[in-house]
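Inspection log for the structure reproduced underneath, given as structure tokens.
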2 protein chains.
Amino acid sequence: MPRPPSAMRRQILGSALRLFAEHGFKGTSLHDIAVEARCSKASLLYHFAGKDAILTELLTPPAESLSAMVGELSVLEGGRAVEPAVTGYVGLAMRFHLEVKIIFAELPDMLGHPVLAVIPRAVDQLAAALAGRSEEPGARVRAQMVIGGVAVTVAADVDVEPDTMRAELVQGALRTLGHQTG
Amino acid sequence: MPRPPSAMRRQILGSALRLFAEHGFKGTSLHDIAVEARCSKASLLYHFAGKDAILTELLTPPAESLSAMVGELSVLEGGRAVEPAVTGYVGLAMRFHLEVKIIFAELPDMLGHPVLAVIPRAVDQLAAALAGRSEEPGARVRAQMVIGGVAVTVAADVDVEPDTMRAELVQGALRTLGHQTG
DNA sequence: ACCGTAGCTGACCGATCGGTCAGGTCTGAC
DNA sequence: GTCAGACCTGACCGATCGGTCAGCTACGGT
């Protein structure tokens with residue numbers, strides 16, 4: 001649906017991503033974005049149907065990547081899905097760390113947006129994979145701990161080398177789950 | 001500083017806590033709180049100096065509890081602080097789970113409030129205790145994972161018995177940290 | 001009976017929000 | 001030269017925000 005990208009359009013998206021991640025969606029006004037992107041507020045609304053449309057376009061790539069990943073996970077049987085789920089989720093979270101920050105800060109009531117509505121369902125499926133498809137309460141709690149722990153750690157500005165961060169996140173998550181590395 | 005409590009005052013605080021946790025601070029208007037508390041918007045501002053004052057009064061108890069806890073932790077030497085830090089943090093997070101939700105969703109830029117400004121510093125000290133006072137990057141990442149994982153799990157509405165939840169959070173956190181239970 | 005005051009309210013205010021609109025500017029095709 | 005359309009803007013709009021204010025009611029002390 002998006003038009004062929006222009007320079008201004010890309011600049012608006014970049015400014016909005018930074019501001020949404022720093023101050024939240026509701027905490028960022030169209031005026032703020034316009035100032036950061038060095039254009040007028042009216043120009044924003046020439047390129048995008050509205051504030052929601054900007055958010056939707058920003059969160060569509062991570063949402064689709066997440067959905068695709070849980071799709072691949074779904075063909076794996078119980079325990080075999082745990083390690084790919086961990087490495088896949090850590091990778092996505094690091095790649096889209098600013099988007100993760102937006103999602104975890106503002107998701108509570110911004111369902112209703114069609115694109116964002118799929119995120120909670122995908123996260124549920126991810127949690128199921130992390131729990132090794134177990135319904136046991138402890139497994140579900142541990143899976144939730146991994147999802148939250150990775151997201152918060154990636155969103156925080158911890159001053160650590162990306163490679164170190166990724167390795168520690170994966171190992172920490174596997175230990176949290178009590179998963180024996182084969 | 002607060003006046004002697006009245007029934008209306010307590011009802012306003014309860015309504016605000018629920019609404020802030022569900023829709024966020026910026027996502028909740030004084031009108032919303034007034035409707036939920038069955039009073040007028042002007043009555044809110046008779047009991048409280050402003051919207052910020054309501055938030056401050058809600059978050060003061062958890063902030064003070066957290067500061068007190070990290071104070072007690074500070075007298076313990078390195079490794080001995082880890083287990084008390086975990087059990088203490090899990091206990092606080094479960095007791096103030098709605099406040100935790102508010103803090104993690106809206107803290108980014110609401111520093112400036114004097115009461116809230118102490119929270120990030122206390123969290124940093126908590127992270128240091130969880131990391132066993134180690135400066136090693138991996139230890140810091142793991143500590144951050146525990147802080148985020150516990151907070152997000154407690155804030156999510158996972159349908160699990162509180163006792164199970166607490167035990168799993170403590171065990172999961174200790175496993176994440178790679179801490180050998182003695 | 002009188003009064004002070006705590007509790008509460010409807011009406012109103014300026015600021016800011018997201019969004020609209022008519023019109024200006026620039027550029028490439030013909 | 002001129003026309004079409006993409007790009008951009010200042011001015012403006014209604015709605016909603018947090019907050020103010022004058023005044024009403026109810027009640028305990030004297």
Side-chain angles (χ1 to χ4, degrees), chain A residues 1-20 22-59 102 105-106 108-116, chain B residues 1-20 22-59 102 105-106 108-116:
Chain A
M1 223 63 67
R3 326 172 182 216
S6 77
M8 189 77 254
R9 214 183 131 82
R10 266 183 286 112
Q11 191 167 348
I12 291 171
L13 283 175
S15 300
L17 177 58
R18 258 174 287 140
L19 290 172
F20 286 167
E22 187 168 359
H23 305 293
F25 178 71
K26 287 189 283 281
T28 303
S29 70
L30 293 180
H31 174 79
D32 296 334
I33 302 173
V35 169
E36 170 108 354
R38 295 179 207 282
C39 70
S40 72
K41 195 179 64 167
S43 181
L44 297 183
L45 295 155
Y46 168 76
H47 288 287
F48 299 93
K51 196 186 179 189
D52 286 10
I54 300 179
L55 181 70
T56 298
E57 192 149 326
L58 285 175
L59 295 190
I102 299 173
E106 309 261 355
D109 55 352
M110 65 176 36
L111 317 177
H113 299 58
V115 184
L116 306 188
Chain B
M1 225 61 70
R3 325 175 182 209
S6 77
M8 189 78 257
R9 213 182 132 81
R10 265 184 286 112
Q11 191 167 349
I12 290 171
L13 282 174
S15 300
L17 176 59
R18 257 174 286 140
L19 290 172
F20 287 165
E22 189 168 359
H23 303 116
F25 178 71
K26 287 190 284 281
T28 303
S29 70
L30 293 180
H31 175 78
D32 297 334
I33 302 174
V35 169
E36 170 111 353
R38 294 178 206 283
C39 70
S40 71
K41 194 179 64 168
S43 181
L44 298 183
L45 295 155
Y46 167 77
H47 287 288
F48 298 93
K51 197 187 178 188
D52 287 9
I54 300 178
L55 181 70
T56 298
E57 191 151 326
L58 284 175
L59 296 189
I102 299 173
E106 309 259 357
D109 54 354
M110 69 175 34
L111 318 176
H113 299 57
V115 183
L116 306 187

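Chain A is the first sequence line, chain B the second, and so forth, proteins listed ahead of strands; every chain is numbered from 1.
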Review point. Rounding to a whole Å, what distance do you find between B/R10:CZ and C/dG7:C1'?
Key: 15 Å
**Study point:** Euclidean distance, atom NZ of residue B/K41 to atom C1' of D/dG18 [Å, nearest integer]
**Key:** 6 Å
Revision key, fill the gap. Smallest heavy-atom separation, B/K51 atom then B/T28 atom, equals NZ-O, 2.7 Å
Practice item. When you get a sec, tell me which of C/dG18, C/dT9, C/dC21 is the closest nucleotide to the side chain of A/K51? Key: C/dG18
Check your understanding: With side chains defined as the heavy atoms from C-beta onward, is the minimum distance between A/H47 and A/S6 less than 4.5 Å?
Key -> yes
Review point. Quick one: is D/dA6 close enough that its OP1 or OP2 comes under 4.0 Å of any side-chain N or O from A/H47?
Key: no
Check your understanding: When all nucleic acid strands are considered with a 4.0 Å heavy-atom cut-off, which category describes A/S29: base, sugar-phosphate, or nothing?
Key -> sugar-phosphate
Study note, to complete from the structure: Here the distance between atom C1' of C/dT9 and atom CD1 of B/I12, to the nearest Å, is 13 Å
Practice item. Using atom CG of B/L45 as one end and atom C1' of C/dT9 as the other, report the distance to the nearest whole Å. Key: 12 Å
Practice item. Consider the side chain of A/A42, meaning its heavy atoms from C-beta on, and name the nucleotide among D/dT9, D/dC7, C/dG10 that approaches it most closely. Key: D/dT9
Review point. In terms of side-chain heavy atoms of A/L30, which of D/dT9, D/dG18, C/dG19 is nearest?
Key: C/dG19
Review point. Among C/dG7, C/dT9, D/dT9, which is the nearest nucleotide to the side chain of B/S43?
Key: C/dT9
Exercise for review: Take the protein atom NE2 of B/H31 and the nucleotide atom P of D/dT20, then report the distance between them rounded to whole Å.
Suggested key: 19 Å
Check your understanding: Got a second to check how far B/C39's SG is from B/M8's CE, nearest 0.5 Å?
Key -> 4.0 Å
**Study point:** Interatomic distance, A/L44 CG vs C/dT20 P [rounded to whole Å]
**Key:** 13 Å
Check your understanding: Could you state the CZ-P distance from B/R9 to C/dA6, rounded to the nearest angstrom?
Key -> 14 Å
Exercise for review: Please report the shortest heavy-atom distance between A/L44 and A/A34, naming the atom on each side.
Suggested key: CD1-N, 4.0 Å
Review point. Can you tell which of C/dT20, D/dC8, C/dC8 lies closest to the side chain of B/Y46?
Key: C/dC8
Review point. Hey, does B/V35 have a side-chain heavy atom less than 4.5 Å from the side chain of B/H31?
Key: yes
Check your understanding: Over how many whole Å does the gap from B/F48 atom CZ to D/dG18 atom C1' extend?
Key -> 16 Å
